[in-house]
Amino acid sequence: MQEKLKAIRENFIEELKNVQDTNALEQLRIRVLGKKGELTSILRGMGQLSPEERPRMGQIVNETRAKLESAIESAQATLKEKEKALRLQRETIDVTIPPAERSAGSLHPMNIVLNDLIEIFTGMGFETVEGPEIEYDHYNFELLNLPKNHPARDAQDTFYVDENVVLRTHTSPVQARVMTTRKPPIRIISPGRVYRADEVDATHSPVFHQIEGLVIDKNISMGDLKGTLDTFAQRLYGKGIVTRFRPSFFPFTEPSAEVDLTCSACGGKGCRVCKGTGWIEVLGAGMVNPRVLEMCGIDSREYSGFAFGMGIERLTILKYNVPDMRYLYENDLRFLKQFR
Ligand code: PHE
């Protein structure tokens with residue numbers, strides 16, 4: 001029995017030298033000292049010894065067990081230290097390594113211009129209001145003095161959802177929505193997507209974007225409209241840009257104007273962009289038709305107002321000299337990357 005014990009012990013010491021981690025150590029402990037371990041089974045064999053031998057053997061077995069246990073404990077402490085050191089080494093972060101390059105995206109040129117517009121008009125006290133793209137005929141046409149069967153409806157090739165619902169043809173229905181629900185003074189802009197049954201070409205798309213402006217208050221005049229648009233033109237395109245009003249017709253404004261801006265490509269001298277005229281046609285505007293005010297529940301003897309509407313595509317094309325509107329929709333990175 002003593003022989004056996006010695007063998008177990010030597011074997012154990014030998015194996016302990018080869019143990020590399022705490023897991024393997026635990027395996028070894030179970031194999032030797034565990035419930036079904038080698039040493040335990042020897043203890044069980046004690047019954048076969050003579051009563052004189054038993055205490056002596058018992059003592060030896062216990063001593064052996066104590067020795068093995070303390071060997072395991074100290075091995076465990078060393079291994080734990082070793083594993084901790086390894087982990088710390090593995091988890092080291094070298095803060096001097098340059099980070100992987102991330103390519104940042106950029107705003108779409110139309111969003112750049114839209115953000116500019118919102119900033120410019122916010123600076124003049126306008127609030128931004130949005131409305132639905134699928135709109136009632138009532139707001140898109142009726143309240144804007146475009147009754148059913150009115151010939152002026154022909155100017156906007158409309159997508160009808162049903163008899164009373166359309167894809168809005170302009171952002172003007174937002175002004176009708178605001179006028180019917182708020183009291184003056186009103187000073188809003190409404191940017192958004194609009195729809196017309198147009199074929200795609202260099203200057204047309206069935207889906208495009210507009211921004212509408214509306215001011216209603218006491219004593220609002222055409223001069224306020226002109227001053228507002230001059231300020232807008234200079235802030236967007238630079239000093240020296242002015243507006244030119246040409247008489248026009250919109251059912252919802254009276255008088256109405258087609259508004260041109262100084263051609264920013266040539267400064268008004270005349271060039272290819274402005275076809276030699278020095279002017280670029282950019283927007284429609286006018287004094288809100290008193291009939292529209294009345295239909296929307298605003299007393300036209302007390303209040304007056306102006307409205308204007310323009311295409312964001314057109315503003316963008318002019319700002320960045322884009323030769324064809326379709327570039328704005330094609331998501332060609334070679335085009336979009338130029339606006340970083
Ligand atoms: N809603 C008009 C259009 O889309 C533009 C406009 C707005 C004209 C406001 C005058 C006043 O053609």
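Note that ligands are numbered from 1 as they come in the structure, with each ligand's atoms numbered from 1 the same way.
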Assess the side chains of E142 and Y136: does a donor N or O sit below 3.5 Å from an acceptor N or O? no

Distances only, to 0.1 Å: what are the N or O pairs between ligand 1 and the protein that fall under 3.5 Å?
residue: ligand 1; atom: 1 (N); partner: H170; partner atom: ND1; Å: 3.0
residue: ligand 1; atom: 1 (N); partner: S172; partner atom: OG; Å: 2.9
residue: ligand 1; atom: 4 (O); partner: R196; partner atom: NH2; Å: 3.0
residue: ligand 1; atom: 4 (O); partner: Q210; partner atom: NE2; Å: 2.9

Parallel, tilted or perpendicular: which fits the ring planes of F335 and F339, with parallel below 30° and perpendicular above 60°? perpendicular

Listed once per pair and sorted, the salt bridge (Lys or Arg N to Asp or Glu O under 4.0 Å) pairs that draw on residues 232-243, sequence neighbours left out: none

Look at R65 together with E69 and state whether they make a salt bridge at an N to O cut-off of under 4.0 Å. yes

Contact check, side chains of Q89 and L86, non-hydrogen atoms, under 4.5 Å: yes

ILVMFWY network linking L49 to I8, side-chain heavy atoms under 4.5 angstrom: yes

